[in-house]
Participant: 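Sending over a structure as structure tokens; questions will come in a sec.
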Amino acid sequence: MKASEFHLYTTRETPADAEIASHQLMIRSGMIRKLTSGIYTWSPLGLRVLRKVENIVREEMDRAGYLEILMPAVQPAELWQESGRWDQFGAQLLKISDRAGRDFCFGPTHEEVMTDFVRNEIRSYKQLPIVFYQIQTKFRDEIRPRFGVMRAREFLMKDAYSFHIDEQSLDQTYWQMHEAYSRVFERAGLEFRPVKADSGAIGGSQSHEFHVLADSGEDVIAFSSGSEYASNIELAAVAAPAHQRPEPIQPMKQVDTPDAHTITELVEHHGVAIEQTIKTLIVKAAEDSGHAFVALLVRGDRELNGLKAQNHPMVASPLEFASEADIRSATGAGPGSLGPVGLEMPCIADQEVALMSDFAAGANADDKHWFGINWERDVKTPETADLRNAVDGDPSPDGQGTLQLARGIEVGHIFQLGTKYSESMNAVVLGEDGKSHVMPMGCYGIGVSRIVAAAIEQNHDEHGICWPLPLAPFELALLPMNAKKSHRVREFSDQLYAELREAGVDVLYDDRNLRPGVMFNDMELVGIPFRLVVGERGLDEGQLEFRARTATENESLPVDGIVAAVLERLGTRD
RNA sequence: CGGGGUGUAGCUCAGCCUGGUAGAGCGCUGCCUUCGGGAGGCAGAGGUCGGAGGUUCAAGUCCUCUCACCCCGACCA
């Protein structure tokens, strides 16, 4: 491709509304343009990358024997009413109506359409197992779209659905898919981890997420130093500490703390060790608990794990924090002055909290805290549960090694769905026994457009994007120096461009007659993995300069045999 | 949906408080010079100041309403 015939439009300025590197770089390199909130146009440059990802995904799905189909983006309400999700899915479901007033939605996912398709197509266990997939534009009306295509409302997703005669077959396909997913991310050249995940509202027995590791990731994953254990931090269990509760030393005393409404302020202004403080969080209680609210106690330096909390029988699910007004009427104090002493509601303490002594907590009166609190002596020892997020160095839940935490971007998620949809939508086949069987299902998603952003988060520097070769929009940039004046350089470059194309190299030939600095900066911003520079000086010596995007030094390559040398350096390609 | 903020040239923003005939940088067009890490000069094109209403002799600026976008809280590929 000649740059003069391509649409390259880069900008020096960082757009004001782009916060993270991938979003900034995608805008600056001109890969995407925002049409409206959470909805983007892919430019020719961006589309090249998107297609690379898409093709890797497609090839790996095909290799595994899965069958590609294409389902409608617009779906009738009836199907969603049949599964019960028309009302359940919530505001993320974009509902639309046609001229006759019939209801439709723009598909956020395709379980219903898929199940409908299969219940009409598949009649016999002999046709099972079967896996269909599609690569489709989805729409989810996110409350807060952000980070460009990372969390867009409209996005490109690969979704696959498997159908089985029994759970065992589902389990088998599930692990095949796990393998296929790993191949996808390996081929894309990304550093990733599959982790155990919460199956959430979708239910089912098994679920894994695939995360691209990046410091800017929104998810935290935990993996063991001593085993294969890896899970989303939501699921990482924390073992109860083994030590005994120390004997009380301090008397309990009330302290005026008008300057301390957060744990940090309490620590800074009153010299309390943060490990000796307790955070009291008031949440709504489960409906059948007989209470309106429940207090959750975690050590001051710990984070509440929302999933663990809402799974507790006393706690409402989904987790809902009490409003400040609710807190005030229930405790008589504001959220900055709460504690277990004298609290008129059930308390659930994290395991380690029950083993603390001489600790500080709010007094349930504004601007007052109790210091030197001890369980039993000053307040009843509460019920305990595992409520906090794991931290670096916690023992691994499987007993082998310790946990390390890393940040990740969720780019894939696989589920064993069971019969949730096949049952409500009556997707059955005749079994070997001549009877109807409801088909267990699996569903498997990959965020194709999100992978593009995730790859940039993982691979960029101060100059721009550093594409892994398999995702790069072009493999090689051919940069002539001062071609406007130098006929030699231009003619040589024209010729070399033709030869490289002939050899199958995906080359971007910058024939725009720009100054060298502009070309270098553009190619680095766009992230072309390799560049080849043609200049008068080099031609005099019979040499060209070759350089990898991530390298700091040029390599001199002789003009003779240049194409072969370049091919060798590009390495194995698809 | 709550809370906060911003809408002025293609982009990034100043001007608004204190009303008086629309600005800068980048980008774009033309010419000249320059040419190995985002050059310089000259000449240009480009804005119903998000929209509607109001106050005023006069509104980008003040008031009301409205729309859009962004940021902080509950979800997900």
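Below, chains carry the letters A, B, ... as their sequence lines are ordered, and counting in each starts from 1.
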Participant: Using the P atom on both, measure B/G23 against B/G60 and round to a whole Å.
Facilitator: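 Straight-line distance between the two P atoms is 13 Å.
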
Participant: Paired with B/U56: which nucleotide, if any, by Watson-Crick or G-U wobble criteria at under 3.5 Å for both distances?
Facilitator: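 Pair assignment: B/U56 / none.
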
Participant: Using a strict threshold of under 4.0 Å (side-chain N to carboxylate O), is an ion pair present between A/R153 and A/D141?
Facilitator: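 A salt bridge is present here (some side-chain N lies under 4.0 Å from a carboxylate O).
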
Participant: Between B/G36 and A/E536, counting only base atoms on the nucleotide and side-chain atoms on the residue, is there a donor-acceptor pair under 3.5 Å?
Facilitator: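 It does not, because no donor-acceptor pair links the side chain of A/E536 to the base of B/G36 below 3.5 Å.
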
Participant: Can you name the residues that form a ring pair (Phe, Tyr, Trp, His ring centres under 6.0 Å) with A/Y181, not counting sequence neighbours?
Facilitator: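 Ring pair (Phe, Tyr, Trp, His ring centres under 6.0 Å) check on A/Y181 returns A/F210.
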
Participant: Salt-bridged, A/R51 to A/E54, with N to O below 4.0 Å?
Facilitator: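 Yes, this pair counts.
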
Participant: For the side chain of A/Q92, counting heavy atoms from C-beta on, which of B/C75, B/G36, B/C70 is nearest?
Facilitator: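 Within the option list, the nearest is B/C75.
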
Participant: Should the pair A/K420-A/E111 be classified as a salt bridge under the 4.0 Å nitrogen-to-oxygen rule?
Facilitator: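 Salt bridge absent between A/K420 and A/E111.
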
Participant: Are A/H460 and A/S22 close enough that a side-chain donor and a side-chain acceptor fall under 3.5 Å?
Facilitator: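 There is no such pair (donor and acceptor under 3.5 Å, judged by atom type) between the side chains of A/H460 and A/S22.
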
Participant: Are any of the side-chain heavy atoms of A/M177 and A/M61 separated by less than 4.5 Å?
Facilitator: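 The answer is yes; the side chains approach within 4.5 Å.
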
Participant: Can you check the distance between B/G40 and B/C26, where both ends of the measurement are the C1' atom (answer in whole Å)?
Facilitator: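 Between the two C1' atoms, the distance is 16 Å.
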
Participant: How far does the P atom of B/G4 sit from the matching atom of B/C42, given to the nearest Å?
Facilitator: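 Per the computed distance, 48 Å lies between those P atoms.
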
Participant: Can you tell me which nucleotide in B/G37, B/G36, B/A39 comes closest to the side chain of A/R515?
Facilitator: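 Shortest atom-to-atom distance from the side chain points to B/A39.
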
Participant: Could you write out each protein N or O paired with an N or O of nucleotides 26-30 of chain B at a distance under 3.5 Å?
Facilitator:
{"unit_1": "B/C26", "atom_1": "O3'", "unit_2": "A/R12", "atom_2": "NH2", "d": "2.9"}
{"unit_1": "B/G27", "atom_1": "OP1", "unit_2": "A/R12", "atom_2": "NH2", "d": "3.1"}

Participant: From the set B/G36, B/G73, B/A77, return the single nucleotide nearest to any side-chain atom of A/M481.
Facilitator: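 That would be B/G36.
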
Participant: In terms of the nearest nucleotide of RNA chain B, which residue is placed more toward the 5' end: A/P145 or A/K485?
Facilitator: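 This one resolves to A/K485.
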
Participant: Side chain of A/F155, heavy atoms from C-beta onward: which of B/G37, B/A77, B/A74 has the nearest atom to it?
Facilitator: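 Comparing B/G37, B/A77, B/A74 against the side chain of A/F155, the answer is B/A77.
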
Participant: Now, which nucleotide makes the Watson-Crick or G-U wobble pair with B/G73, with each of the two distances under 3.5 Å?
Facilitator: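 Looking at the geometry, B/G73 pairs with B/C1.
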
Participant: OP1 or OP2 of B/C69 sitting under 4.0 Å from any side-chain N/O of A/T36?
Facilitator: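 Answer is yes, contact under 4.0 Å.
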
Participant: On the side chain of A/R144, is there an atom forming a donor-acceptor pair with the base of B/C71 - under 3.5 Å, no angle test?
Facilitator: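 No pair found.
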
